[in-house]
Amino acid sequence: MEQRAHITSQTRLVAVIGHPVRHSRSPLIHNAAFVAQGLDLVYLAFDVTEEQLPAAVAGLRALGALGANVTIPHKEAVLPLLDAVDATAERVGAVNTIVRRGEDIIGYNTDVFGFLMALERGWGRSPRGATCLVLGAGGAARAVVAALVAQGAAEILIRNRTMSRARDLCVAAAGWGSTPCRVVTDADLALVADRLDLIVNCTSVGLGEGVKLSPLPVDTLRAHHVVMDLVYGRGPTPLLQQAKDKGCVVMDGLEMLVQQAARSYELWTERAAPLELMRAKAAGA
Ligand code: NAP
């Protein structure tokens, strides 16, 4: 039987707000860690639509929540609702973690750190010098591009359903470092496929049990590609299955989930996170 937190009138709330959010493993990960470390905290998931976001953030503030995670699709929209954001979140323009400090609520971005730690673990190297294709241009893509630029990737290509958003991300990336960044269309993919080293799916395509959609035409994949899908589920996503079939090195979003969660946990609790326990919970143990 799963051990539950002993909830009292002193127990403080940590939340995750997103839409959808019911697939999230963050409550399992954080509640297990709070119990293991004897912390009087409880972590709950709230499905919050775009229209409800300002009221939800005001609610967290009014209820004295210790903090929150912010997930799809609110990572960018939440910024103006906060009292301050740290330098990384400001640069990326996306917040995935809120921490209460006194009367203020402060935004952080732990996805940048989580992505790099997961990539390092799965690929065994940093993306320095790599030619990278990033699928998507939302909050997660902004974190991934910021991380790739900071690590000195050779070139970043961005493909997104909404081209203007991809162009905006390229403009932002030019201010983050010297890595050249450009937007690619489906027609360009065949031309650049051979020289890609790393492909990262930062779209939500593939999210959800039984989804068969892949965010990338399968003929783009080459055996030498390293493919990371930020989406995670029970089995491989359609993109990762196709990449595995081609012989690519593949990584799902679980290790990034664990690493960004560990960093968020440390921001809320000022304690070292129990990483192995979090990994086991993320994997469904
Ligand atoms: P977001 O800001 O809402 O961005 C969503 C992205 O997905 C946008 O680029 C959007 O394109 C694209 N998209 C959505 N539906 C699409 C469709 N039907 N066809 C093509 N493109 C589509 O969300 P986010 O916060 O960046 O998160 C993106 C994904 O990464 C989510 O699945 C999230 O769970 C995952 N994620 C995982 C981790 C982890 O730790 N593993 C961390 C962060 C995020 P448009 O711009 O055209 O709308």
Side-chain angles (χ1 to χ4, degrees), residues 16-26 28-30 45 47-50 53 69-79 88-89 92-97 107-119 121-122 133-147 157-170 172 183-186 189 199-209 211-217 227-233 236-240 250-265 278-279 281-283:
V16 53
I17 52 175
H19 182 71
V21 79
R22 296 296 166 212
H23 68 286
S24 175
R25 296 191 191 173
S26 296
L28 287 173
I29 297 171
H30 286 295
D47 198 316
V48 172
T49 63
E50 283 164 59
L53 181 66
N69 282 132
V70 181
T71 188
I72 180 173
H74 304 314
K75 289 181 184 180
E76 292 161 82
V78 78
L79 259 82
T88 303
V92 172
V95 159
N96 78 325
T97 303
Y108 294 85
N109 189 307
T110 70
D111 283 336
V112 175
F113 171 85
F115 166 70
L116 283 175
M117 293 296 284
L119 187 65
R121 193 174 154 98
L133 172 64
V134 173
L135 307 172
R142 293 181 76 86
V144 165
V145 169
L157 309 173
I158 300 180
R159 172 175 171 270
N160 193 48
R161 177 177 63 180
T162 308
M163 294 290 275
S164 59
R165 231 176 156 195
R167 278 195 293 273
D168 290 348
L169 179 47
C170 275
V183 178
V184 289
T185 63
D186 279 1
L189 289 177
I199 299 174
V200 187
N201 176 38
C202 307
T203 76
S204 43
V205 177
L207 186 65
E209 300 297 327
V211 172
K212 300 261 184 320
L213 279 178
S214 170
L216 187 70
V227 182
M228 184 166 171
D229 197 336
L230 266 48
V231 173
Y232 58 86
T237 59
L239 171 65
L240 291 191
V250 300
M251 286 163 256
D252 68 12
L254 270 186
E255 182 62 19
M256 176 170 166
L257 176 76
V258 169
Q259 294 287 351
Q260 61 80 29
R263 184 49 77 92
S264 298
Y265 185 95
M278 290 179 142
R279 220 171 248 138
K281 289 292 161 190

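Note that the structure is a prediction, hence the values are computed from the model and not measured. Atoms within each ligand, like the ligands themselves, are counted from 1 in listed order.
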Taking a 3.5 Å cut-off between nitrogen or oxygen atoms, can you list every pair linking ligand 1 to the protein, with distances?
residue  : atom   : partner : partner atom : Å
ligand 1 : 2 (O)  : Gly139  : N            : 3.0
ligand 1 : 7 (O)  : Ser204  : N            : 3.3
ligand 1 : 9 (O)  : Ala137  : N            : 2.9
ligand 1 : 9 (O)  : Asn160  : OD1          : 2.7
ligand 1 : 11 (O) : Asn160  : OD1          : 3.2
ligand 1 : 18 (N) : Arg161  : NH1          : 3.3
ligand 1 : 26 (O) : Gly139  : N            : 3.1
ligand 1 : 26 (O) : Ala140  : N            : 2.7
ligand 1 : 40 (O) : Leu257  : N            : 3.2
ligand 1 : 41 (N) : Leu230  : O            : 2.9
ligand 1 : 41 (N) : Gly253  : O            : 2.8
ligand 1 : 46 (O) : Asn160  : ND2          : 2.8
ligand 1 : 46 (O) : Arg165  : NH1          : 2.7
ligand 1 : 47 (O) : Arg161  : NE           : 3.0
ligand 1 : 47 (O) : Thr162  : N            : 3.0
ligand 1 : 47 (O) : Thr162  : OG1          : 2.5
ligand 1 : 48 (O) : Arg161  : NH2          : 2.9

Report task. Measure from the side-chain N and O atoms of Arg142 to the backbone N and O of Val92, and report whether any donor-acceptor pair falls under 3.5 Å. Result -> yes
Requested in this report: Check Ala166 against Asn160 and note the closest heavy-atom contact, atom names and distance.
Outcome: CB-CB, 3.9 Å
Query raised in the report: Closest heavy-atom contact between Ala89 and Leu79?
Result: O-CD2, 4.5 Å
Requested in this report: For Ala45, check side-chain contact (heavy atoms from CB on, under 4.5 Å) against everything at least two apart and list the hits.
Outcome: Val16, Val21, Arg22, Pro27
Report task. Apply the test side-chain hydrogen bond (donor to acceptor under 3.5 Å, both in side chains) to residues Thr237 and Asp229: give CA-CA distance (whole Å), side-chain angles for both, the deciding distance (0.1 Å), then the verdict. Result -> CA-CA 8 Å; Thr237 59; Asp229 197 336; 2.7 Å; yes
**Report entry** Shortest non-hydrogen contact from Met256 toward Ala118
**Finding:** N-CB, 3.5 Å
